[in-house]
Enquirer: 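My questions all concern the structure below.
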Amino acid sequence: MACHDLNQQLNIPPGVRKIVLAGNPNVGKSVFFNAFTGLYVDVSNFPGTTLEISHARVGNDVVLDTPGVYGVSSFNEEEKVARDVIMEADVVINVVDAVHLERDLFLTQQIIDMGIPMVLALNMIDEAKRQGIKIDVKKMEELLGVPVIPTVAIKNVGLEEVKKAVARARIGNALPELQEMLPLVEKKTRTRAEALLILEGDPFIAARYRMKPLDRQEEIYLARRRRVDAIVAAVVQENPSGASWKTSLSRWMMHPLTGIPLLILTLGILYEFIGVFVAQTVVSITEEGIMQGYYEPFIRTLIGSIIPASSIPGTLLIGEFGLLTMTVTYILGLLLPLVLGFYLSLSALEDSGYLPRIAVLVDRMLMRLGLNGRGIIPIILGFGCVTAATITTRLLGTPRERRIATFLLAMTIPCSAQLAVITSMLSRLGPGYTFFYVFLIAVIFVLTGTILNWILPGKPSDLLIDIPPLRFPRPINVLKKTATRTKNFIQEATPLFAVGALLIGTLQVTGLLETLQNWLSPVTVNWLQLPKETATAFIMGFVRRDFGAAGLYSLALTPAQSVVALVTITIFVPCIASALMIFKERGWREGIIIWPTILILAFLIGGLISQLLI
């Protein structure tokens, strides 16, 4: 990635100073970024990737965030992005966790070896003190050769000092072993950083200069590890005074005997907040009360006074699936409160440090499904909204894992709006049928993941995740994250909803929607053994999942038919917003495979259950 490409793709004005935040995962970089930039930031997909880069203009500087990484050696997409951004930095602010210096300083030394001016923010210094860890900051500054500023980012301690220290940023003390290795390679490259990465065997950087990557990586890594260990030994004194209650709670969260009950309790609280309070109480006010009660009658009257509501343009604009009715109502009345609720919950879990512990707890189980522990995050979010959860598959380390997670979300996870209707229907059937439904969906989830893990080339990546200290979420940090993520999501979802509404509206005015309903009837009647009216429920389920489930609610179904219908509509292709998000995240080629595959499997599995039960 050349500098001018980075400037063009991220809209960075030429000539400004680029200040880059770098660090391991969960060291508090986002708090530094918010402190430097405020809410007014741009978020762009990094060229050639699905990873987003946050950046903002601050005076004559541009501040850029990078993915949390343990090194910049092109092992995965995050490291490639971090590498390319760091290489174009004028100053790097390296945020490290004071409790885990032996781990975090490895990246610090690598950036120093690249020859880039640096300021080191020694974050979570209060947590280090609580754990009996004393750090000689002056000695560390002397050994590294760069300014070192102790900070407690979540309490706004030391952030102003870090900003001021940017003017004093300097190139640190590189490994002595590199003095003999670098000069020959450096003559053939543009920068010292590129020369170092070629020495470490980076094939992408070597290819820029039509060079063969060298094989000095192990030698350099061992020297770097010795150097970091020596620095830590020289500056750190430990005097542990026993584990605090937070340390004990942290261990309980990751041990299966105590961690699983705690996880179930947490998921129950999340469901009550997102699935009940937001999805039912709040959405009933915003969607039914405000949008359908006031906005839609107003816009229908306004547009109807200009063009006939029954005309083709009128149907497309203000009809049942209209651009100005359904689209606006879904975005503002349904999606906005749901997404706010999801991201508020996610940001609180992130800020507390609980998410990494959940990932560790379920890692072994998810490995059998082709995912590592990180896969639990989109799965949890999927019970709120599959559309939002599909976006969070970007958190997963490899394209293979993102494919598996996307497929599982689309096929087996009912969103909160659909789940509310399903729960209401199951409550009429009794505990036996309820257990049977839950058991079937769980078996389908496990079998699907197992089969995908078997047929897709490759294997799940190891879970490399930092376990930050447990803390109470900081309201300001949580609210800023929530606001930024919600804004970005709504910007992405709005055009997709408009396209979906236009598509369904076109099917309606051309009569194809009714044709599809009639065409689907033989499948529902003969194979699923359900009333022909269920065809309409499946069509509506594609528009919105809970509409489909609600369409079953009013039908006269036997308990066995209810289970068949609910399993089928749970597996059935997700709502149009989720489907379009799948196409956006996975590309049209993969989307075309996922979409009909799930459609066929829904009717196949539903029919097989029907043959057994009815």
Enquirer: Taking all heavy atoms of L316 and all of T506, pick out the closest pair and write down the distance.
Expert: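 Answer, listing the atom of L316 first, then T506: CD2-N, 3.7 Å.
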Enquirer: Mind running side-chain contact (heavy atoms from CB on, under 4.5 Å) on E401 and R374 for me, showing each step along the way?
Expert: CA-CA 10 Å; E401 290 167 0; R374 285 182 187 270; over 6 Å; no
Enquirer: Which pairs, with at least one residue in residues 335-356 and sequence neighbours excluded, count as a salt bridge (charged side-chain N to carboxylate O under 4.0 Å, His left out)?
Expert: E350-K481, E350-R485
Enquirer: Answer yes or no: is there a side-chain heavy-atom contact under 4.5 Å between P378 and T390?
Expert: no
Enquirer: Taking side chain to side chain donor-acceptor pair (under 3.5 Å) as the definition, give me every residue that meets it alongside R474, ordered by chain and number, with sequence neighbours left out.
Expert: none
Enquirer: Going by heavy atoms in the side chains, are Y295 and L324 under 4.5 Å from each other?
Expert: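 Touching, per the 4.5 Å side-chain cut-off.
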Enquirer: Any Lys/Arg nitrogen of R403 or E590 sitting under 4.0 Å from an Asp/Glu carboxylate oxygen of the other?
Expert: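 Salt bridge: yes.
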Enquirer: Tell me, do F445 and L408 make a side-chain contact under 4.5 Å, heavy atoms counted?
Expert: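 Yes, close enough: below the 4.5 Å cut-off.
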Enquirer: Should T568 and I605 count as side-chain neighbours, where that means a heavy-atom distance under 4.5 Å?
Expert: no
Enquirer: For L349, does its backbone N or O pair with a side-chain atom of S352 as donor and acceptor, under 3.5 Å?
Expert: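 Indeed, once roles are kept as given, a pair shorter than 3.5 Å links the two residues.
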Enquirer: List the atom pairs, with distances to 0.1 Å, where a side-chain N or O of residues 334-342 and a protein N or O form a donor-acceptor pair under 3.5 Å, not counting sequence neighbours.
Expert:
none

Enquirer: My understanding is that only one of E296, E287, E288 makes a side-chain hydrogen bond (donor to acceptor under 3.5 Å, both in side chains) with T329; could you say which?
Expert: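 For T329, the side-chain hydrogen bond (donor to acceptor under 3.5 Å, both in side chains) check succeeds only for E296.
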Enquirer: Looking only at heavy atoms, which two atoms of I598 and F407 are closest? And how far apart?
Expert: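 Smallest heavy-atom distance, with atoms named: CG1-CZ, 3.8 Å.
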Enquirer: Roughly how far apart are I269 CD1 and L265 CG, rounded to 0.5 Å?
Expert: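 One gets 4.5 Å once the value is rounded to the nearest 0.5 Å.
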Enquirer: Within a strict 4.5 Å, meaning less than it, do heavy atoms of the L263 and Y354 side chains meet?
Expert: yes
Enquirer: Quick check: closest heavy atoms across A348 and P473, and the distance to 0.1 Å?
Expert: O-CG, 3.5 Å
Enquirer: According to the interplanar angle, ranging from 0 to 90°, do the rings of F538 and F572 count as parallel (below 30°), tilted (30 to 60°) or perpendicular (above 60°)?
Expert: tilted
Enquirer: Would L369 and T450 satisfy side-chain contact (heavy atoms from CB on, under 4.5 Å), going step by step from the backbone distance to the final call?
Expert: CA-CA 5 Å; L369 309 183; T450 304; 3.7 Å; yes
Enquirer: Which heavy atom of L396 sits nearest to which heavy atom of L371, and what is that distance?
Expert: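 Here L396 and L371 meet closest at CD1-CD2, 4.3 Å.
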Enquirer: I need the minimum non-hydrogen distance between P531 and L557, along with the two atoms involved.
Expert: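 Closest heavy-atom pair between P531 and L557: CD-CD2, 3.4 Å.
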Enquirer: So, does R586 use its side chain to make a donor-acceptor pair with the main chain of T406 at under 3.5 Å?
Expert: no
Enquirer: Does some side-chain heavy atom of T534 sit less than 4.5 Å from a side-chain heavy atom of L528?
Expert: no
Enquirer: More than 12 foreign heavy atoms under 6.0 Å from CG of L608: is that the case here?
Expert: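 Buried by this count: over 12 neighbours within 6.0 Å.
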Enquirer: Checking L262 against R357 for the side-chain contact (heavy atoms from CB on, under 4.5 Å) test, could you report, in this order, the C-alpha distance in whole Å, the side-chain angles of both residues, the deciding distance, and whether it holds?
Expert: CA-CA 11 Å; L262 284 171; R357 289 166 173 82; over 6 Å; no
Enquirer: Ignoring hydrogens and angles, tell me if any N or O in the side chain of T570 forms a donor-acceptor pair with the backbone of P414 under 3.5 Å.
Expert: no
Enquirer: Give a yes or no answer on whether the side chain of T325 reaches the backbone of G322 with a donor-acceptor pair at less than 3.5 Å.
Expert: yes
Enquirer: How long is the gap from CE on M253 to CG on L249, to the nearest 0.5 Å?
Expert: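 Reported to 0.5 Å precision, the distance equals 4.0 Å.
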Enquirer: Report yes if some heavy atom in the side chain of M291 is under 4.5 Å from a heavy atom in the side chain of L332; otherwise report no.
Expert: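 Yes, at least one pair of side-chain atoms sits under 4.5 Å.
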Enquirer: Any idea which heavy atoms bring T482 and L344 closest together, and the distance?
Expert: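 Smallest heavy-atom distance, with atoms named: OG1-CA, 3.3 Å.
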Enquirer: I'd like to know if the side chain of W588 and the backbone of F583 have a donor-acceptor N/O pair within less than 3.5 Å.
Expert: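 Side chain of W588 to backbone of F583: no pair is present.
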Enquirer: Donor-acceptor pair, R300 side chain versus I318 backbone, under 3.5 Å?
Expert: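 Looks like yes, one N/O pair under 3.5 Å.
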Enquirer: Please step through side-chain contact (heavy atoms from CB on, under 4.5 Å) for the pair L440 and V563, ending with a clear verdict.
Expert: CA-CA 10 Å; L440 283 173; V563 171; 4.3 Å; yes
Enquirer: Could you state the interatomic distance from NZ (K29) to CG (N24), rounded to the nearest 0.5 Å?
Expert: 9.5 Å
Enquirer: Quick one: pull up OH in Y433 and OG in S562 and give me the separation to the nearest 0.5 Å.
Expert: 9.0 Å
Enquirer: Quick one: does any side-chain atom of E585 pair with a main-chain N or O of T393 as donor and acceptor, under 3.5 Å?
Expert: no
Enquirer: Any non-hydrogen side-chain atom of Y70 less than 4.5 Å from a side-chain atom of P25?
Expert: yes
Enquirer: Just checking, any donor-acceptor pair under 3.5 angstrom between side chains of N453 and R400?
Expert: yes
Enquirer: Drop me the distance from W595's CH2 to L599's CG, to the nearest 0.5 angstrom.
Expert: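 Reported value, rounded in 0.5 Å steps: 5.5 Å.
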Enquirer: Once you round to the nearest 0.5 Å, how far does CG of L601 lie from CG of L604?
Expert: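 Here the interatomic distance stands at 6.5 Å.
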